[in-house]
> 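This is the structure I want to talk about, given as structure tokens.
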Amino acid sequence: MLYHSTQDRSICAGAAEAIARGIAPDGGLFVPESFPTLTQELLSELLGLSYRERAKRIIGMYLTDFSDREIADCVDAAYTVEKFGSEKIAPIAPLTYNGHGLHLLELWHGPTCAFKDMALQILPHFLTKSLYKVGGGRDAVILVATSGDTGKAALEGFRDVDHTQIIVFYPVDGVSPMQKHQMNTQQGDNVYVCAIRGNFDDAQTAVKRIFTDASTRAILDSHNMMFSSANSINWGRLLPQVVYYISAYCDMVNRGSVPFGEKINITVPTGNFGNILAGFYAYSMGLPVNRFICASNSNNVLTDFIRTGVYNRNRAFYTTVSPSMDILVSSNLERLLYHLSGGDDALTKGYMDALKRDGVYEVTPSIKEAIGSLFYGGFCDEAGTASTIHDLYDQQGYLCDTHTAVAVAVADRYIDQTGDDTPMLVASTASPYKFSKAVLASLSCDAVPDNEFDMVETLHALTGAEVPAPLISLRGKPVRFSDVTDRDDMQRVVLRALGIDG
């Protein structure tokens with residue numbers, strides 16, 4: 001299978017090259033030339049398999065220049081009981097909220113307690129094998145912009161991986177204290193972390209600019225290095241996320257939550273559009289999905305886009321208690337537009353150029369109709385997030401984080417508005433203990449401590465919910481990284497971190 005750039009179909013690559021590069025040389029994103037078919041027979045076979053075995057089958061349909069042994073090695077190294085605490089890598093918690101049945105897909109049982117582990121535990125294995133195939137002996141420089149969870153998951157996944165260096169940028173005031181502590185205490189000889197004065201969109205835009213800057217690439221090449229990405233712009237990040245939607249469907253069938261072959265709805269708390277796009281890819285393969293519910297926080301640019309067909313980033317930016325969704329430029333939407341336009345690279349490029357130039361574009365009526373038929377957009381403000389955390393715990397004794405609360409609130413509203421009783425899968429994306437302050441406040445805690453780890457202890461004492469061991473172990477770890485830079489200086493920071501004068 002080949003992969004094309006969303007902005008120039010003539011640029012194509014095999015899977016290994018697409019993963020090694022991370023982004024197409026023209027700045028477009030690599031997409032598969034076609035979708036493998038998830039037949040009824042194959043889906044039936046997957047019902048009886050473990051998560052790891054399902055992953056091997058699905059990933060193998062896309063990474064056709066990897067051998068079965070190579071794929072098995074990657075999967076078996078990534079999804080271990082030691083890392084995820086159980087053979088059930090992505091378990092489902094069935095709940096009833098306001099009388100509506102929901103199935104929460106818990107994607108946060110990995111080593112950094114966020115859904116990014118599902119992809120970033122396997123991406124380093126993909127990348128090292130890809131570099132061996134196409135890298136020409138060069139080392140990979142993993143450049144990451146994060147709104148919170150990707151940074152730590154990428155740092156942990158790539159820590160001390162041979163022939164890689166990883167550099168992470170995050171908005172200095174745009175992540176939770178626990179997320180910041182996770183990144184700034186990261187161990188490893190090949191890691192570097194730096195905050196920027198600005199928001200996630202500033203960091204993401206600068207990282208993309210560095211990626212596509214010919215002079216910077218030439219400098220790296222002269223030092224036998226090449227850029228790659230751990231953000232969801234990298235195909236190797238998206239593909240593992242396709243797996244958990246198909247696996248979740250199998251689990252729902254096995255537990256009797258949905259008859260085999262019948263459709264489900266999927267709600268995803270969404271910022272950069274990667275997680276929900278992975279669900280769309282599973283649907284495009286043949287997964288029975290009726291509707292995708294795209295849940296946003298107060299940064300509701302996607303809600304407006306789905307409803308109007310106009311994407312407009314020229315609006316107020318809000319720093320919220322669900323920081324991984326504090327995004328106004330949803331990079332992976334570019335891939336969806338490419339697919340829904342029938343692979344029209346010129347049209348997709350025109351939209352992206354307009355977004356860079358004017359901050360706004362409007363899709364064609366046919367694309368708007370296609371989006372509206374498959375996606376529902378809704379958002380939840382800060383008050384709604386807090387009340388959902390409180391009410392879900394009050395009704396079910398279930399403690400969720402702020403991002404999951406946004407998804408639950410929007411799913412609940414969707415069911416009320418539409419009367420759609422299709423079984424609902426909700427992506428639960430982080431442990432509540434990564435956002436202890438906001439969760440405690442939502443539960444009407446009388447006195448929220450100042451220290452992040454005291455907050456964790458207070459939340460545990462209040463609810464009895466198990467505290468993930470990776471978070472407990474952070475207490476007392478020394479801070480390694482405290483640098484802060486301006487967004488316009490990020491390129492120099494990258495070269496300095498690599499020991500290159502430029």
> I'd like to know if the side chain of Asn451 and the backbone of Phe453 have a donor-acceptor N/O pair within less than 3.5 Å.
yes
> Indicate yes or no for a side-chain donor-acceptor contact from Arg54 to the backbone of Leu49 under 3.5 Å, with no hydrogens or angles considered.
yes
> Keeping Ser228 on the side-chain end and Ile19 on the backbone end, is there a donor-acceptor pair under 3.5 Å?
yes
> Can any side-chain N or O of Asp401 pair as donor or acceptor with the backbone N or O of His403 at less than 3.5 Å?
yes
> For the ring pair (Phe, Tyr, Trp, His ring centres under 6.0 Å) test, which of Phe375, Phe292, Tyr376 pairs with Tyr414?
Tyr376
> Any donor and acceptor pair, going by atom type alone, linking the side chain of Thr267 with main-chain N or O of Val426 inside 3.5 Å?
no
> Give a yes or no on whether the backbone of Leu328 and the side-chain of Arg315 come within a donor-acceptor separation of less than 3.5 Å.
no
> Looking only at heavy atoms, which two atoms of Ser229 and Phe211 are closest? And how far apart?
CB-CZ, 3.5 Å
> Do you see a donor-acceptor pair shorter than 3.5 Å between the side chains of Glu87 and Ser50?
no
> Output yes when a side-chain donor or acceptor of Lys152 lies under 3.5 Å from a complementary backbone atom of Ala114, and no otherwise.
no
> Counting only N and O atoms by type, is there a donor-acceptor contact under 3.5 Å from the side chain of Glu156 to the main-chain atoms of Pro111?
no
> I'd like to know if Lys116 and Asp149 make a salt bridge, using a cut-off of under 4.0 Å between side-chain N and carboxylate O.
no
> With a 4.0 Å cut-off on N to O distance, would you call Glu457 and Arg475 a salt bridge?
yes
